[in-house]
Protein chains: 2
Amino acid sequence: MTKNLTPTIYDVATAAHVSIATVSRVINNLEKVKPETRAAVLEAIDALGFVPKADARARAIRTQRRIGVITPFFTAPSFVQRLRGVAAALGPTPYELVIYTVTNSKHLNSYLDTLPLTGNLDGLIILSLELTDHYVQRLLDYHLETVLVEYPHDLLCSVEIDNEDGGKQAAGYFYKKGLRRFAFVGDTSTAEYGIHPISLRLNGFRKELTRLGAKLPDCQILIAPYDINKTREQAVQFLQNQELPLAIFAATDLQAISIIQAARQLDLKIPEDLAVIGFDDLDMAEYFNLTTIRQHLDESGQIAVEMLLSRLNNPGRPVQISKLPLEIIERGTA
Amino acid sequence: MTKNLTPTIYDVATAAHVSIATVSRVINNLEKVKPETRAAVLEAIDALGFVPKADARARAIRTQRRIGVITPFFTAPSFVQRLRGVAAALGPTPYELVIYTVTNSKHLNSYLDTLPLTGNLDGLIILSLELTDHYVQRLLDYHLETVLVEYPHDLLCSVEIDNEDGGKQAAGYFYKKGLRRFAFVGDTSTAEYGIHPISLRLNGFRKELTRLGAKLPDCQILIAPYDINKTREQAVQFLQNQELPLAIFAATDLQAISIIQAARQLDLKIPEDLAVIGFDDLDMAEYFNLTTIRQHLDESGQIAVEMLLSRLNNPGRPVQISKLPLEIIERGTA
DNA sequence: ATATACTATGTAAGTCCTTTCATAAAAGTA
DNA sequence: TACTTTTATGAAAGGACTTACATAGTATAT
């Protein structure tokens, strides 16, 4: 006696002892149906709680308010914090948050292929992923309102930061503290196309040092992988050959932390022997008492949402770009 | 040469010289389609301006392909790691991930009121939130398949851990290391109803100590708020009055980290003066070289998804419960 | 070279609903 | 009464998709 959870027109037909065609006619009240038959059908519909499912669903989906977020898989805390900002901003709105995590650019592209078609999204936010012109055009063609975070594009709205300025701030801060020997730690991941934020941070750091009359020779640049332990090992090796005191600017907080661990292992005093500035200001930075360049991760997500919603309400506005300020947070490591 | 005004999947198939099945696969990006084929199909779609009809689609799939996750707002990393497990498991499936973050139980209840009706969900996962019988019954009545993580309920599937055993393991570990003075740090947040995991951890810890002939007097229990800085301050105060060496079991990694910071501030040697065991094994634990009880957070999310999907495929199975093992991860703090 | 294991694709069946067409019953007409 | 017309209905085809199953084609192993 398994009750059908979602009755179809067939169930109604059976219950009312008529054919599905008749049921259909009753529902759409197109043609003449004998009053008694119609009554019987309606009764069956009521009894079964039937609602033309497919259409109902299609309608429901169409009216449902949905914002999609494409994000790199939650490996790095920075993505999570951005996402947190998105969730926070979306919370009080009637929009649903649909998450698409991607692990590589192929994966991203396959989402970009299909989401504008079948995604039923009102808007899209893309976190920390770079789009090719082709896909940007696709989003525009299909009128899927999109906001980019971190990797901007001329034709779409974006929330971005001035990576170069971040490097510059780090350099200036170190210099003002009287430090004169510098190093940089970054990761190996380079953009598949376009410009990588990490290189911009390095550029800004180096440029400002040069301007101040200091220098950053290539041998003082450590390129380490995205793995804490390996980075720490490499950092230990690197640090052993350095004259002290040294000032290191790490491209991310996570790498800064690896450096700190390496320094502890070598019994270097922080910040006396080794000054470290990170980049991001993750939640974790506070735990490590890390001096770092704050890039307002949570806010980036929030602002992206606000921008998107305002565009949905006022379509056709010119492309908007929001540049978030960077801010050096002085803690104990530099 | 009137071009069909509303092209169908058949037109696309013809234009791209493939079958409608392949077109369908491309727009749903389910299975493997050769990149060139996919490109050709997409080109045809673009050229014809094809857009799949939602009602037909709904008719054919007659499932939502949507899994909802209700989670406390991403404040604590443990929720994020659970969510990460969910996302990882859902990634390769055709299911969409819809996130509902809640900040209090009223908020949770309002979701539970509406989601079974209008959520258009195939299944629901509830992370670290406790349900009243009333809402459990509601989920059952509306046949919304649900899996609970962390706070189980007799009538629903769940993924849980043995909190008491975690406390026991910590006690045993300390004792075996020869430690004989103990303390516990937990947070103030108590469950609104039912039993709180933190108290279970404490219970297990205390019971095992008692069994071993040691004790944990109430004055050795520090109840600290969910704030790193305040916890650190309180911990500093607490530690100043302690005889050393001391073994502290922290109910969460975050609190263990606060303890470590306090210890550093007081120049205590870890693990000689102060041994610390945390609970969770967050990503961060490794950075802090924290000895801790691993509760397989990511896995909990993954298993919840697997359980849910298997139930969707085999409805009416008896309620399933998965108990994840706890495991002590030995690092540098104890 | 042959056997084996995948991959990519197509064929065809299935989904749930609408609509066309045929027909039995009822009603109207001569 | 016999003959048309009307009306109510069902059988079945069609619509726009998805998907289980089968197979040709390629890769890999022996």
Side-chain angles (χ1 to χ4, degrees), chain A residues 4-45 48-62 106 110 113-114 116-120, chain B residues 3-45 48-66 92-96 120 122 309 312-315:
Chain A
N4 200 340
L5 303 180
T6 52
T8 73
I9 200 172
Y10 291 89
D11 302 316
V12 177
T14 316
H17 306 291
V18 297
S19 74
I20 57 163
T22 301
V23 178
S24 176
R25 279 190 275 261
V26 170
I27 294 167
N28 300 296
N29 58 350
L30 307 159
E31 295 162 55
K32 298 243 144 176
V33 176
K34 200 157 80 179
E36 303 100 72
T37 317
R38 153 166 276 130
V41 170
L42 288 171
E43 199 177 319
I45 286 177
L48 296 174
F50 168 78
V51 40
K53 246 184 56 185
D55 306 18
R57 175 173 26 250
R59 239 187 300 283
I61 284 172
R62 192 160 301 137
K106 202 163 256 163
S110 89
D113 280 333
T114 65
L117 287 172
T118 54
N120 282 302
Chain B
K3 202 151 219 170
N4 199 338
L5 300 181
T6 52
T8 72
I9 201 170
Y10 291 90
D11 302 318
V12 176
T14 315
H17 306 293
V18 296
S19 73
I20 57 162
T22 301
V23 177
S24 175
R25 279 190 273 261
V26 169
I27 56 188
N28 294 295
N29 66 347
L30 304 160
E31 292 163 59
K32 294 250 152 187
V33 176
K34 204 157 77 180
E36 302 101 72
T37 315
R38 154 166 275 133
V41 170
L42 287 169
E43 201 177 315
I45 288 176
L48 298 173
F50 166 76
V51 41
K53 277 106 205 125
D55 60 333
R57 180 159 209 269
R59 218 171 275 143
I61 53 182
R62 59 199 227 286
T63 164
Q64 316 294 152
R65 290 187 200 308
R66 283 158 47 93
T93 76
Y95 287 90
E96 246 177 23
N120 278 302
D122 292 312
L309 297 185
L312 291 175
N313 293 330
N314 316 70

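Numbered from 1 within each chain, the chains take letters A, B, ... in sequence-line order.
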Taking only N/O atoms, report every protein-nucleotides 11-17 of chain D pair under 3.5 Å with atom names and distance.
| from | atom 1 | to | atom 2 | distance (Å) |
| --- | --- | --- | --- | --- |
| dG15(D) | N2 | R59(B) | NH1 | 3.1 |
| dC17(D) | OP1 | K53(B) | N | 2.7 |
| dC17(D) | OP2 | I9(B) | N | 3.0 |
| dC17(D) | N4 | Y10(B) | OH | 3.4 |

- Item | With A21(A) via side-chain contact (heavy atoms from CB on, under 4.5 Å) - residues at least two apart | S19(A), R25(A)
- Item | Between P of dG25(D) and NZ of K34(B), the distance in whole Å | 11 Å
- Residues in side-chain contact (heavy atoms from CB on, under 4.5 Å) contact with L309(B), at least two apart in sequence or another chain: I67(B), T93(B), Y95(B), V305(B), L312(B)
- Item | Five-pair end axes of the helix from dA1(C)-dT30(D) to dA30(C)-dT1(D) and the angle they enclose, rounded to 10° | 30°
- What residues form a side-chain contact (heavy atoms from CB on, under 4.5 Å) with I20(A), not counting sequence neighbours? I9(A), Y10(A), A13(A)
- Using a cut-off of 4.0 Å on non-hydrogen atoms, how would the nucleic acid contact of V18(B) be classed: base, sugar-phosphate, or nothing? sugar-phosphate
- Message: Just to verify, what does N120(B) make a side-chain contact (heavy atoms from CB on, under 4.5 Å) with, not counting sequence neighbours?
- Response: A60(A), Q64(A), Q64(B), R66(B)
- Nearest heavy atoms of L117(A) and D113(A), plus distance in Å: CD1-O, 3.9 Å
- Query: What closest approach, in Å, do T8(A) and D11(A) show between heavy atoms, and which atom pair accounts for it?
  - Reply: N-OD2, 2.7 Å
- Message: If I take atom NE2 from residue H17(A) and atom OG1 from residue T22(A), how far apart are they, to the nearest 0.5 angstrom?
- Response: 13.5 Å
- Note on the structure: Rounded to the nearest 0.5 angstrom, the CG-CZ distance for N28(B) and R65(B) is 6.5 Å
- Message: Would you say T37(B) places a side-chain N or O within less than 4.0 Å of OP1 or OP2 belonging to dA8(C)?
- Response: no
